[in-house]
Amino acid sequence: MKLNDGQNQAVNYISGPCLVLAGAGSGKTRVITNKIAYLVRECGIPARQIAAVTFTNKAAREMKERVGQTLGKKEARGLKVSTFHTMGLSIIKSEFRSIGIKAGFSLFDDKDTFSLLKDLTEETLDGDKEQLFLLQSCISNWKNDLILPEQLQKQALSPGEVEFAKFYLDYQTHLRAYNALDFDDLILMPTLLLKSNETVRTKWQNKIKYLLVDEYQDTNTSQYELVRLLVGERARFTVVGDDDQSIYSWRGARPQNLVLLKEDFPALKLIKLEQNYRSSGRILHCANILIQNNPHVFEKKLFSELGYGETLKIIIAKNEEHEAERVVAELLAHKFMKNTQYKDYAVLYRGNHQSRLFEKLLMSNRIPYKISGGMSFFGRAEVKDIMAYLRLLVNQDDDNALLRVINTPTRGIGRVTLEKLGSFANQLGCSIFEAACHPQLHSVITGKAQQHISHFTRWIVELSDNATRGDGISAIRDMIKAMQYEEWLYESSTSPKAAEMAMANISTLFGWISDMLEGNELDPPMTLQEVVNRLILRDMMERSEEEEGADQVQLMTLHASKGLEFPYVFMVGMEEGLLPHQSSIDENNIEEERRLTYVGITRAQQELFFTLCKERRQYGEVIQPEPSRFLYELPQDDVEWEHKKVKDSAEVRQQKGKTGIANLRNILSSGK
DNA sequence: CTGGCGCCTATTTTT
DNA sequence: TAGGCGCCAG
């Protein structure tokens with residue numbers, strides 16, 4: 001397949017900063033992969049000096065694969081394709097001295113940070129979950145906005161904020177003591193370093209001759225700053241994005257970064273990709289009309305040459321059960337008529353809880369389905385245990401890891417001992433492991449408990465030496481044997497079966513670890529520390545083969561559907577209060593909900609069905625929701641309302657139209 | 001392993 | 001209100 005004009009332009013323009021506004025289904029992945037190939041082949045830039053950044057590991061993996069296909073393994077060697085976080089991690093890895101952390105640092109995931117915050121605020125917040133979550137997200141937001149605790153304390157704050165700012169400082173201090181970084185640090189630290197240290201900055205600017213960023217509309221402040229620092233004055237980069245698909249602002253994404261880019265790089269070349277290769281003309285027309293209700297910085301209009309296609313159908317159900325029944329019935333009839341496969345269908349919804357009834361009904365009809373989201377592998381106790389051991393081997397100051405494993409399997413180190421040990425560590429201002437090795441330990445803990453502790457610490461140190469020096473994987477296997485973990489599993493599990501499953505999970509984990517330690521053609525071998533950190537970032541093959549090509553109906557949230565496509569799509573729960581969600585209505589933030597709807601619509605290739613209920617149970621009571629305003633925003637000639645009086649819909653349309661415009665005005669005036 | 005009781009929570013989630 | 005989950009007893 002040849003590239004179209006826009007795509008060609010986007011690939012060939014390399015003389016300056018470049019923004020590719022890539023509409024849904026316009027072939028942006030092709031552009032990125034072809035551009036990388038172009039840079040290597042035509043411009044003679046070695047692959048190792050090109051970096052491509054994505055948001056998810058899945059996207060990175062896919063891009064790597066596609067480039068490998070286009071360029072061939074030889075030419076693609078050394079190409080850096082990674083997520084923002086992995087890229088940050090690799091900068092930190094080579095610059096950790098300048099950042100002020102020790103080698104062998106740990107990564108804390110959000111469970112770890114939560115438990116750390118819980119400990120730090122025990123007296124003040126007393127485990128108040130809501131407050132803790134709030135605190136956690138505040139800290140994350142501050143970090144994403146490049147605000148440090150010291151700066152925060154200088155700002156005028158409300159009493160509540162003052163308290164939180166203090167926790168933030170405390171939190172950072174403790175992270176340092178544990179020699180640990182959280183996910184946000186993976187961006188924040190490199191950004192601060194590159195900003196303040198010219199030598200390092202120049203070094204990395206020379207290392208990365210060309211930078212590509214995918215899903216640019218999802219970048220937050222610190223990520224954009226990192227991009228700016230990396231590209232420097234030369235500004236040799238391409239970012240690809242679509243402001244209409246920005247659906248993560250609730251998580252810190254700043255779609256305004258698209259505008260900033262134009263201001264920060266006046267020479268910015270703007271290229272629009274408007275030809276869609278995915279959907280029928282009618283589906284696109286509906287999407288275009290809908291999204292026109294949002295204000296735009298860059299105007300964009302998608303078109304398609306795939307024919308106009310079927311009318312979009314709006315199915316009206318009595319209640320939720322009926323809605324699920326209707327979808328299943330419609331799907332089966334459709335499948336029979338068109339002789340399609342289950343995997344050609346997707347059911348998209350706003351909130352995870354909506355999946356339940358569909359799942360129930362699909363199951364009772366023996367229809368294979370897959371609900372995406374929720375990868376529970378790393379939630380398994382045994383996997384967490386082993387991961388904690390590995391973390392401890394790499395970094396003994398990782399208190400979370402230590403606390404998890406110090407008495408698993410049972411080693412006679414009970415709660416009382418741990419409390420003493422904990423307060424001793426607090427007193428010394430060091431990690432628990434350090435405290436456990438402290439010569440004065442006997443002043444706090446004596447007798448058997450002390451013996452158990454020093455036995456444990458010696459064992460860990462020895463293991464750690466073995467694992468880092470010699471053959472990593474066999475050292476780990478030895479470790480499992482030495483602590484009789486398997487026996488302990490069989491004893492402590494409720495059934496032998498459960499223990500067997502647990503062991504199977506552990507061998508899966510071991511498989512990944514040894515693969516990563518050994519490396520392959522595309523990925524170089526890693527050290528144990530690298531492996532552990534990668535696993536915490538969940539950067540692995542996931543269950544790729546298992547269900548990849550399986551013939552299953554796809555169920556997922558609208559958020560999870562971004563980037564995917566399906567021949568036939570059901571968007572369910574098209575009701576005021578659900579889509580747009582009530583909280584978004586309350587906060588007058590329906591633009592993002594409209595984009596979410598836009599994302600959903602543009603997933604469909606051939607046919608699109610909407611469903612809604614006349615009645616729905618909510619918090620115990622039965623409500624009668626209005627059809628979603630977005631349904632009225634669609635061109636009514638292209639949609640077909642099921643048994644609904646024409647007059648009726650026209651009336652409501654008019655009403656809705658008014659409020660829609662009023663809202664838009666509000667948004668426009670409040671936005672500026 | 002199972003059933004029952006009581007508690008919690010109802011928007012999206014990656015790294 | 002209902003469903004999910006953890007905990008405990010049998």
Side-chain angles (χ1 to χ4, degrees), chain A residues 53-61 82-90 92 107-114 127-130 133 136-137 140 143-144 181-190 214-215 218-220 222-223 226 245-253 320-321 348-357 359-360 372-376 378-379 381 493-498 533-540 542 556-563 573 575 577-587 589-590 592-597 599-600 616-623:
Chain A
V53 187
T54 63
F55 272 84
T56 64
N57 289 308
K58 195 176 157 213
R61 224 177 303 129
S82 62
T83 64
F84 263 105
H85 294 265
T86 311
M87 180 193 224
L89 180 61
S90 65
I92 293 173
L107 275 184
F108 273 20
D109 68 14
D110 43 9
K111 290 244 166 59
D112 297 317
T113 63
F114 187 83
D128 181 339
K129 264 197 183 164
E130 214 168 288
F133 280 127
Q136 192 178 29
S137 80
S140 176
K143 288 191 171 188
N144 288 333
L181 299 170
D182 64 21
F183 285 159
D184 299 317
D185 285 336
L186 293 182
I187 315 293
L188 177 71
M189 296 297 161
D214 191 16
E215 303 280 10
D218 287 340
T219 51
N220 60 36
S222 62
Q223 284 161 341
L226 184 58
Q245 292 187 71
S246 160
I247 53 175
Y248 286 108
S249 70
W250 50 275
R251 200 166 78 188
E320 301 117 291
E321 281 85 10
L348 308 181
Y349 35 80
R350 176 67 234 257
N352 277 125
H353 65 277
Q354 286 172 265
S355 70
R356 250 200 341 257
L357 281 170
E359 188 178 8
K360 200 167 141 189
S372 74
M375 135 141 143
S376 51
F378 280 84
S493 298
T494 43
S495 74
K497 237 192 213 161
N533 282 340
R534 281 304 177 92
L535 286 175
I536 292 170
L537 283 174
R538 318 273 140 103
D539 182 8
M540 72 221 66
E542 276 164 67
M556 68 190 77
T557 63
L558 287 162
H559 282 92
S561 76
K562 196 170 102 172
E575 296 147 32
L578 256 182
L579 184 64
H581 195 269
Q582 189 55 49
S583 51
S584 300
I585 298 174
D586 296 341
E587 290 160 37
N589 180 28
I590 53 156
E592 181 141 321
E593 300 285 309
R594 192 177 281 111
R595 289 194 291 267
L596 200 49
T597 310
V599 166
R616 187 179 288 276
R617 276 193 303 276
Q618 203 173 47
Y619 305 113
E621 57 181 344
V622 176
I623 56 158

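Letters A, B, ... are given to chains in the order of the sequence lines, protein chains preceding strands, and every chain is numbered from 1.
- In this structure, Asp182(A) places its CG atom 17 Å from P of dT14(B), rounding to the nearest Å.
- The CG-C1' distance, from Asp109(A) to dT13(B), rounds to 13 Å in whole Å.
- Nearest approach of Ile585(A) to Pro580(A), heavy atoms of both residues: CD1-O, 3.8 Å.
- A search for ring-ring contact (aromatic ring centres under 6.0 Å, His included) contacts involving His581(A) returns nothing, not counting sequence neighbours.
- Heavy-atom contacts of chain A under 4.0 Å fall on DNA chain C between two terminal nucleotides, which in 5' to 3' order are dT1(C) to dG4(C).
- Applying the salt bridge (charged side-chain N to carboxylate O under 4.0 Å, His left out) test to Glu359(A) and every residue at least two apart in sequence or in another chain returns nothing.
- Using modelled atom types and a 3.5 Å distance limit, the side chains of Asn589(A) and Glu593(A) yield no donor-acceptor pair.
- Partners of Phe55(A) under the ring-ring contact (aromatic ring centres under 6.0 Å, His included) rule, at least two apart in sequence or in another chain, are Phe84(A).
- Side-chain contact annotation: Ser584(A) with Glu592(A), donor-acceptor N/O pair under 3.5 Å absent.
- Going from atom CG of Leu535(A) over to atom C1' of dT15(B) covers 14 Å, rounded to whole Å.
- Following rounding to the nearest Å, Asn144(A) (CG) and dT14(B) (P) show an atom-to-atom distance of 16 Å.
- Only the C1' atoms considered, dT13(B) is 22 Å distant from dG3(C), to the nearest whole Å.
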Tabulated below should be each protein N or O lying under 3.5 Å from an N or O of nucleotides 8-12 of chain B; please produce it.
from    : atom 1 : to        : atom 2 : distance (Å)
dT11(B) : OP2    : Tyr619(A) : OH     : 3.4
dT11(B) : O4'    : His581(A) : NE2    : 3.2
dT11(B) : O2     : Arg350(A) : NH1    : 3.1
dT11(B) : O2     : Arg350(A) : NH2    : 2.3
dT11(B) : N3     : Ser583(A) : OG     : 3.4
dT11(B) : O4     : Ser583(A) : OG     : 3.0
dT12(B) : OP1    : Asn352(A) : N      : 2.7
dT12(B) : OP1    : Asn352(A) : OD1    : 3.2
dT12(B) : O4'    : Arg350(A) : NH2    : 3.3
dT12(B) : O2     : Trp250(A) : NE1    : 3.2
dT12(B) : O2     : Arg350(A) : NH2    : 2.5
dT12(B) : O2     : His559(A) : NE2    : 3.4

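- In this pair, Trp250(A) and His559(A) present their aromatic rings perpendicular. The plane angle is above 60°, beyond the 30 to 60° band.
- At least one donor-acceptor pair closer than 3.5 Å links the side chain of Arg595(A) to the backbone N or O of Ser246(A).
- Shown here are the ring-ring contact (aromatic ring centres under 6.0 Å, His included) partners of Phe108(A), two or more places apart in sequence or in another chain: there are none.
- Taking the C1' atom of each, dG6(C) and dT11(B) are spaced 24 Å apart, rounded to whole Å.
- With rounding to whole Å, Leu107(A) atom CG is found 9 Å from dT15(B) atom C1'.
- The interatomic distance linking Gln223(A) (CD) with dT14(B) (P) rounds to 15 Å, in whole Å.
- Between the NE2 atom of His85(A) and the P atom of dT14(B) there is a distance of 11 Å, given to the nearest Å.
- Put simply, CZ on Phe84(A) is 12 Å from C1' on dT15(B), counting in whole angstrom units.
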